[in-house]
Amino acid sequence: MITQDDGSAYSKPMLSTGFTKNKDAEALVMSNAVQMSEQLNMSIRTQTSVQNIDTEKQTILVDNETIEYSKLVLATGASPFKLKFVKPESDRIFSINDLDDYRAFRTASQGKKHVAIVGTGLIGCEYANDLLNGEYEVSLIGLSQHVLDTMLPPEASECVTKSLSDAGANFYFERSVVDIQETVDGVIVELDNGEKISADIAISAIGLAPNTKLASESGIETNKGITCDRSLETSAKNVYTLGDCAEVDGMVMLYVLPM
Ligand SMILES: Cc1cc2nc3c(=O)[nH]c(=O)nc-3n(C[C@H](O)[C@H](O)[C@H](O)COP(=O)(O)OP(=O)(O)OC[C@H]3O[C@@H](n4cnc5c(N)ncnc54)[C@H](O)[C@@H]3O)c2cc1C
């Protein structure tokens with residue numbers, strides 16, 4: 001197994017339950033790479049990127065070393081869309097999609113009171129709920145009329161909106177964010193109607209794009225995700241894909257269950 005991160009085993013949905021369950025990033029780790037490698041009797045290379053796949057020779061290029069495979073599984077995940085005005089090195093505006101992101105967010109949230117969340121989809125709502133449980137003030141900004149509008153029928157979506165609102169969430173619906181300025185002690189989120197929301201830190205939860213670059217640069221067919229058939233085999237023989245990066249029957253499903 002080869003991974004770009006530190007190889008810690010954790011349940012990603014737990015990243016949005018940290019305040020509710022009183023667990024920081026370290027407490028969410030179930031086992032580290034060494035323990036997992038012993039448990040599963042496999043070798044795990046951490047902090048390592050696969051640079052290229054040669055689908056004819058059935059090899060991958062890792063740190064200038066060529067490794068042969070008989071079967072290869074691409075489970076490269078997805079990356080958050082970034083708001084174009086957010087600096088990559090920002091320590092006030094966070095996209096949280098892995099344990100390192102969560103660690104940085106938890107550190108920044110210490111001693112803070114008000115979190116602005118851009119995006120009213122699954123991740124935005126999960127963080128709103130968790131932060132409210134952690135007694136933060138929460139402001140949610142979204143393009144739609146209600147939360148989770150692409151996932152739920154209107155009645156259910158209204159119901160979730162009401163529950164979060166009753167728990168104290170402030171909503172800014174049918175609004176887009178045109179800028180987020182970082183000030184000495186916080187952020188100012190500017191909306192398309194000119195309204196400005198002051199908060200201590202912000203979360204950007206505006207969606208994810210499947211990581212297809214490694215596959216496409218290696219000549220494997222991609223569309224929204226890495227395309228595969230119902231047995232999860234890609235256009236390249238003996239190369240399979242699953243998880244957030246996979247596209248099956250034109251669908252990319254960014255949830256645990258379809259994995
Ligand atoms: C906060 C949060 C809450 C969520 N809540 C839920 C929920 O309640 N229910 C639900 O169903 N889903 C939820 N999800 C979604 C779910 O967690 C994901 O769908 C799932 O974890 C994706 O797993 P994956 O293995 O495909 O991708 P990832 O977990 O992203 O793993 C991708 C791996 O690929 C590695 N990688 C990428 N490119 C390379 C390369 N070139 N070389 C080497 N390694 C590479 C990365 O280092 C990483 O280890 C949530 C997600 C988040 C962020």
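Everything numeric here is computed off the predicted structure, so don't read it as measured data. Read the numbers this way: they start at 1 and go in the same order the structure lists the ligands and their atoms.
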Note to self: Between L208 and V118, is there shared hydrophobic-cluster membership here, with clusters defined by ILVMFWY side-chain heavy atoms closer than 4.5 Å?
What the structure shows: no
Notebook entry, point to check: Same cluster or not: are V239 and L214 linked, directly or through other Ile, Leu, Val, Met, Phe, Trp or Tyr residues, by side-chain heavy atoms under 4.5 angstrom apart?
Noted result: yes
Got a salt bridge between [X] and [Y], using NZ or NE/NH1/NH2 to carboxylate O under 4.0 Å?
X: D249; Y: R230; answer: yes
X: E137; Y: K112; answer: no
X: R175; Y: D192; answer: yes
X: K57; Y: E68; answer: no

Checklist line | Option nearest atom 2 (C) of ligand 1 (shortest heavy-atom distance, choices L74, I123, L15) | finding: I123
Next item on the list: Can you figure out which of T3, T46, N97 has its heavy atom closest to atom 46 (C) of ligand 1?
Entry: T3
Margin query: Side chains of L122 and L148, heavy atoms from C-beta outward: is any pair under 4.5 Å?
Written below: yes
Notebook entry, point to check: Does some side-chain heavy atom of M1 sit less than 4.5 Å from a side-chain heavy atom of R45?
Noted result: no
Heteroatom distance test ([X], ligand 1): nitrogen or oxygen, under 3.5 angstrom:
X: Y127; answer: no
X: D244; answer: yes
X: V256; answer: yes

Using a strict 4.0 Å cut-off to heavy atoms of [X], name the atoms of ligand 1 that fall inside it.
X: T76; value: 32 (C), 34 (O), 37 (C), 38 (N), 39 (C)
X: V50; value: 40 (C), 41 (N), 42 (N), 43 (C)
X: G243; value: 26 (O)
X: I2; value: 43 (C), 44 (N)
X: S16; value: 1 (C), 3 (C)
X: L254; value: 15 (C), 19 (O)
X: S49; value: 42 (N), 43 (C)
X: D5; value: 47 (O), 48 (C), 49 (O)

Next item on the list: Classify the side-chain pair S198/H114 by whether it contains a donor and acceptor separated by less than 3.5 Å.
Entry: no
Check: Taking the non-hydrogen atoms of V62, is any one of them nearer than 4.0 angstrom to ligand 1?
Finding: no
Check [X] against ligand 1 and report side chain, backbone, both or neither, counting heavy atoms closer than 4.0 Å.
X: E126; value: side chain
X: A75; value: backbone
X: I96; value: backbone

Check: Honestly, is R106 close enough over F94, meaning NZ or CZ under 6.0 Å from the six-membered ring centre and within 45° of the axis?
Finding: no
Check: Do Y102 and Y10 have their ring centres less than 6.0 Å from each other?
Finding: no
